[in-house]
Amino acid sequence: MKFDAEKLRRDFGASDKKRDAGLTTPSNIKRYDDIAYGEHGWYNLLDVYHKKDVTSPQKTIIDIHGGGWTYGDKDVYQHYCMDMAQRGFTVVNFSYRLSPENPFPAALEDINAAFTWVADNAAAYNIDLDKIFVTGDSAGAQLASQYLTLLTSSAYRGLFSMQIPYERIKVKAVALNCGCYDMKERMGAEGDEPYLAYMDKALNEERELTLQRIDVIRYINADFPPAYVMTSEYDFLKDYAKPMYELLKEKGVVCEYRLYGKAEDRYMGHVFHLDQRLEEAKVCNDDECRFFDEMLERS
């Protein structure tokens, strides 16, 4: 059956609108909206949020949104990102090109452009380049793990022609939320139409190079940033979290694993941490920011 991207977008969009209904910008948050960071129109816009009383560079989160490589943008993630800003961070929230109209590696190229924009414009938006953190969920967690491998592995960078600002941005820690990480293994999973649609063009046109590029976990090394790897009891990608944690631990990366929810908590599903009304989301987001602060103290 042909992948119906528009149906996925309608279904995901309806769910997210219901989740965020009635949420507004907090009165103490300053936001800079719709800043162009690349050449691809509305796909390449970002927002920056921080508290209104912030007047100097501070610790900063760059968020990479999820959506099966097919759905999502900065507007869907604004309330989550502003909530993270309430915890004392500047937060960069950006859109990127979506599949199947823009297949692999378009999203990765846009992430690189967004990080390059951060490196170029930090001072103007109260971003401290010495205190950069990353959050990513679902497909965004996969993209985060892949981009951080590009930042920290020269061998992996050699597979791409992008100019990556690995000398200017040193990520202190990452939160990998409800993601999938073994892209090579994922290729063999049945029924994952969004992933197959994302990868199909590259596999057909540059198969050997693409197979090397998607073997991300082969290139993860001890320089990968400290990682908080989380999932939930009813996350449909739950089985990817523990192996990623074990791999990072084996490589010598400081990491923490957390499974949220109990067997009776059926509401504790995929990317639960984005729900601003859920108490467990508040706990999870506090836990991740605590981990970030601990990693900052270690450095």
Side-chain angles (χ1 to χ4, degrees), residues 59 61-69 77 80-81 84 87 89 91 108 111 132-153 156 170-186 189 195 214-262 265 268-275 278 280-299:
K59 57 188 180 180
I61 291 171
I62 303 174
D63 182 64
I64 303 175
H65 75 74
W69 306 277
Y77 279 72
Y80 163 70
C81 287
M84 297 299 273
R87 292 169 166 81
F89 294 81
V91 180
L108 204 59
I111 291 166
I132 296 292
F133 301 90
V134 173
T135 53
D137 66 279
S138 194
Q142 181 277 307
L143 288 164
S145 67
Q146 187 172 21
Y147 188 69
L148 293 175
T149 304
L150 279 169
L151 285 179
T152 54
S153 168
Y156 193 54
K170 307 293 185 183
V171 174
K172 294 294 186 183
V174 59
L176 299 173
N177 300 312
C178 301
C180 58
Y181 308 103
D182 189 339
M183 292 184 75
K184 194 171 182 180
E185 185 274 340
R186 190 76 182 169
Y195 179 69
I214 66 174
D215 197 7
V216 181
I217 62 172
R218 175 185 173 191
Y219 294 92
I220 291 175
N221 58 40
D223 293 327
F224 193 91
Y228 191 97
V229 183
M230 82 82 172
T231 184
S232 61
E233 191 65 39
Y234 291 95
D235 174 17
F236 68 89
L237 295 177
K238 179 173 75 171
D239 290 344
Y240 284 88
K242 196 68 176 289
M244 182 60 165
Y245 164 73
E246 296 290 352
L247 171 70
L248 293 171
K249 192 165 65 168
E250 177 187 321
K251 297 293 183 179
V253 176
V254 175
C255 51
E256 189 170 327
Y257 167 79
R258 183 75 181 271
L259 171 66
Y260 289 87
K262 301 181 292 295
D265 297 336
M268 289 293 289
H270 188 59
V271 300
F272 73 93
H273 68 297
L274 301 178
D275 188 344
L278 197 61
E280 289 90 343
K282 297 175 184 176
V283 171
C284 173
N285 296 334
D286 282 344
D287 287 344
E288 293 188 348
C289 290
R290 180 264 309 159
F291 179 80
F292 288 170
D293 286 337
E294 288 177 359
M295 296 306 104
L296 200 57
E297 290 173 4
R298 285 191 180 200
S299 60

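Aromatic ring pairs are classed by plane angle as parallel below 30°, tilted from 30° to 60° and perpendicular above 60°; the pair Phe89 and Phe292 is perpendicular.
At least one donor-acceptor pair under 3.5 Å links the side chain of Tyr181 to the backbone N or O of Gly179. Between the side chain of Ser232 and the backbone N or O of Met268 there is at least one donor-acceptor pair closer than 3.5 Å. A distance-only check finds no donor-acceptor pair linking the side chain of Asn177 to the backbone of Ala141 [under 3.5 Å]. Side-chain atoms of Tyr195 do not come within 3.5 Å of backbone N or O of Trp69 as any donor-acceptor pair. Asp182 places no side-chain N or O within 3.5 Å of a backbone atom of Tyr240 that could act as its donor or acceptor partner. Of the possible polar contacts, one joining the Tyr77 side chain to the Gly66 backbone as a donor-acceptor pair under 3.5 Å is found.
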Verdict with supporting geometry, Arg298 and Leu296, side-chain contact (heavy atoms from CB on, under 4.5 Å): CA-CA 5 Å; Arg298 285 191 180 200; Leu296 200 57; over 6 Å; no
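Side-chain atoms of Leu148 and Leu151, non-hydrogen and from C-beta on, do get closer than 4.5 Å to each other. Counting only heavy atoms from C-beta outward, the side chains of Tyr228 and Glu294 never approach each other to under 4.5 Å. Between Phe224 and Cys255, every side-chain heavy-atom pair lies at or beyond the 4.5 Å cut-off. Counting heavy atoms from C-beta outward, Leu259 and Lys242 have side chains that stay 4.5 Å or more apart. Taking 4.5 Å as the limit, every side-chain heavy atom of Ile217 sits out of range of all side-chain heavy atoms of Glu185. Residues Arg218 and Lys184 fail the side-chain proximity criterion, which asks for heavy atoms closer than 4.5 Å.
The distance from atom OH of Tyr219 to atom CG of Leu150, rounded to the nearest 0.5 Å, is 11.0 Å. Interatomic distance, Leu278 CG to Cys284 SG, rounded to the nearest 0.5 Å: 10.0 Å. With rounding to the nearest 0.5 Å, the separation of CG in Asp293 from CZ in Phe291 is 11.0 Å. Between Lys59 atom NZ and Met295 atom CE the span is 13.0 Å, to the nearest 0.5 Å. Separation of atoms CE (Met230) and CD (Glu288) is listed at 5.5 Å; rounding is to 0.5 Å. Separation of atoms CG (Asp275) and NZ (Lys282) is listed at 9.5 Å; rounding is to 0.5 Å.
Closest non-hydrogen pair, Cys178 versus Leu237, comes out as O-CD1, 3.5 Å. Scanning all heavy atoms of the two residues, the minimum distance from Val229 to Ala241 falls at CG1-O, 3.5 Å. Listed here is the closest heavy atom pair of Ile220 and Lys251: O-CE, 3.4 Å. Contact between Thr152 and Pro225 at its shortest, heavy atoms only, is CG2-CD, 4.2 Å. Of all heavy-atom pairs spanning Met84 and Thr135, the tightest one is CE-CG2, 4.4 Å. Across all their heavy atoms, Lys238 and Thr231 have their closest contact at CA-OG1, 3.3 Å.
For Glu280, there are no salt bridge (Lys or Arg N to Asp or Glu O under 4.0 Å) partners at least two apart in sequence or on another chain. Applying the salt bridge (Lys or Arg N to Asp or Glu O under 4.0 Å) test to Lys249 and every residue at least two apart in sequence or in another chain returns Glu246.
Crowding of Arg290 atom CZ: a count of heavy atoms from other residues, nucleotides or ligands under 6.0 Å exceeding 12.
For Asp137 and Tyr80, the side-chain atoms include no donor-acceptor pair closer than 3.5 Å.
Glu233 has no carboxylate O lying under 4.0 Å from a charged side-chain N of Lys262, or vice versa, which leaves the two without a salt bridge.
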